[in-house]
2 protein chains.
Amino acid sequence: MPSLTRRQQQILDHIRREQEQAGNAPTLAEIARHFGFRSLNAVSEHLRLIRQKGFLEASTGRARSLRIVSPLQRFRQRVADIPVFGSIPAGLPQERTQEAKGCVSIDIGTLNFKPTPRTFALEVRGDSMVGKHIIEGDLVVLEHGATPKPGDVVAALIDGESTLKTFLTRNGKPYLKAENPNYPDLLPAQELVIQGVLRLVVRRAR
Amino acid sequence: MPSLTRRQQQILDHIRREQEQAGNAPTLAEIARHFGFRSLNAVSEHLRLIRQKGFLEASTGRARSLRIVSPLQRFRQRVADIPVFGSIPAGLPQERTQEAKGCVSIDIGTLNFKPTPRTFALEVRGDSMVGKHIIEGDLVVLEHGATPKPGDVVAALIDGESTLKTFLTRNGKPYLKAENPNYPDLLPAQELVIQGVLRLVVRRAR
DNA sequence: TGGCATACTGAATGCAATTACAGTATTTCA
DNA sequence: TGAAATACTGTAATTGCATTCAGTATGCCA
């Protein structure tokens, strides 16, 4: 891919910024105003060259149709926004997204499943899941309402706190197991509220 | 937040789809055409109500300025696209993004650091890092060119393969340690090419 | 040093798009 | 059951925006 001139790079950067901030691409006139150009043709010409070099796409005659082409673009997938709850209240996480404490945005390709409105995330506290290599501070993405398969990690409501356990069956009966030798828990799953099935773990370096 | 009527929801969904697919929001005429409306005012009126209920924003007189308001929006951050390399060649991962095998998109808030063009991701093979709870199949995000602090996990080039090790210093001398009792490696770091410092781990449920 | 690409000014054309106004069914619900 | 909100048709005015044509100045490089 050929490289851009300084001016062209500036313009491309400006389009990217505007795109991210305003939510839609700027018009030629807006770009011209930003750079102090008194002629639209200045912008028009720059865009033509940037487009020619493959860094930008646009549909002719379409307002605000500038789209930035990144070399990663062909891999790029839809990004899902998943609400992060600090701690889950006794009820279920319904449509109550207003209570979200934050938001994780991840592309659905990495996510490896299609998120629903019942997908949510929690920060892990405690070390009950070290056996499954999930540690304190990890962010876990869970799917509420999914039916767990044996071996899946689930979040269950125990004593008003949501806790991660491994879901297992023995003699056809489901039960939950803590993955830490210090906590040899073994709880009948039927009596518990399973809040979600684990789908993704994210760990930030500290 | 009040709820939308069926029709309003359909229109909002359509705007979202178009937005994601085409890269910019549809015009009133385009929406009308899609739904078979013969009058623009039908769309105009719907948009007015959806906007009034707080699910949509737009600037007056601005073409294609429709923006969807999500309850998660205020948490939403910029999303970074990180190239995923299958395996790193002997050289350094420079600007050679064309060789990327895939792409992970994560918001910079979750990333916890500002990605650079030298940020990249790898899929973990082998079990040399189980001690640090990083297992086979995990996706690790690394920063090339960053200087590791003692205790950081780094990717180093050993025998033409990039391998994860813990970076440590003893008597002022840096060395690398494998976090697996089966591999009691202890290599002098100076002789090795450190390809990146670990910043994030992503594990997909299987 | 002449030619070519870049970096602009200026004006004009015309479709693209939003907005406004005037109505008519249909649904909802107090 | 009757008024208000929803869900449309149709026409027109007006501005938003992209595109095109005709030039000028400047830096680069072979």
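In the text below, chain A, chain B and the rest are named by the order of the sequence lines, each starting its count at 1.
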Item to check | Sugar-phosphate, base or nothing in reach of B/A42, heavy atoms under 4.0 Å | outcome: base
Checklist entry - Between A/E45 and A/R7, does at least one N-O distance fall below 4.0 Å, as a salt bridge requires? => result no
Checklist entry - Does A/E143 pair with A/K114 as a salt bridge, N-O distance under 4.0 Å? => result no
Item to check | Nucleotide of D/dC8, D/dT6, C/dT18 approaching B/N41 most closely (side-chain heavy atoms) | outcome: D/dC8
Next on the checklist: Over all strands shown, is A/Q8 touching base, sugar-phosphate only, or nothing at heavy-atom distances under 4.0 angstrom?
Outcome noted: sugar-phosphate
Next on the checklist: Can you list everything that forms a salt bridge (Lys or Arg N to Asp or Glu O under 4.0 Å) with B/D107? Sequence neighbours excluded, please.
Outcome noted: none
Checklist outcome for this item: Of D/dC17, C/dT19, D/dT20, the nucleotide closest to the side chain of B/A63 is D/dC17
Next on the checklist: Is there a side-chain contact between A/R7 and the phosphate of C/dA7, meaning an N or O under 4.0 Å from OP1 or OP2?
Outcome noted: no
Checklist entry - From the list D/dT6, C/dT19, D/dT9, which nucleotide is the closest neighbour of the side chain of B/L28? => result C/dT19
Next on the checklist: Does the plane of the ring in B/H133 sit parallel, tilted or perpendicular to the ring in A/H133? Use 30° and 60° as the thresholds.
Outcome noted: tilted
Checklist entry - Does B/H46 have a side-chain nitrogen or oxygen under 4.0 Å from the phosphate oxygens OP1 or OP2 of D/dT6? => result no
Next on the checklist: From C-beta outward on A/S39, which listed nucleotide comes closest to its side chain: C/dG10, D/dT6, C/dT18?
Outcome noted: C/dG10
Next on the checklist: Once you apply a heavy-atom cut-off of 4.0 Å, does B/L40 come out as touching a base, just sugar-phosphate, or nothing?
Outcome noted: base
Checklist entry - OP1, OP2 of D/dT9 versus side-chain N and O of B/R38: anything below 4.0 Å? => result no
Next on the checklist: Over all strands shown, is A/T5 touching base, sugar-phosphate only, or nothing at heavy-atom distances under 4.0 angstrom?
Outcome noted: sugar-phosphate
Checklist entry - Given atom CD of B/Q52 and atom P of D/dA5, what is their separation to the nearest angstrom? => result 10 Å
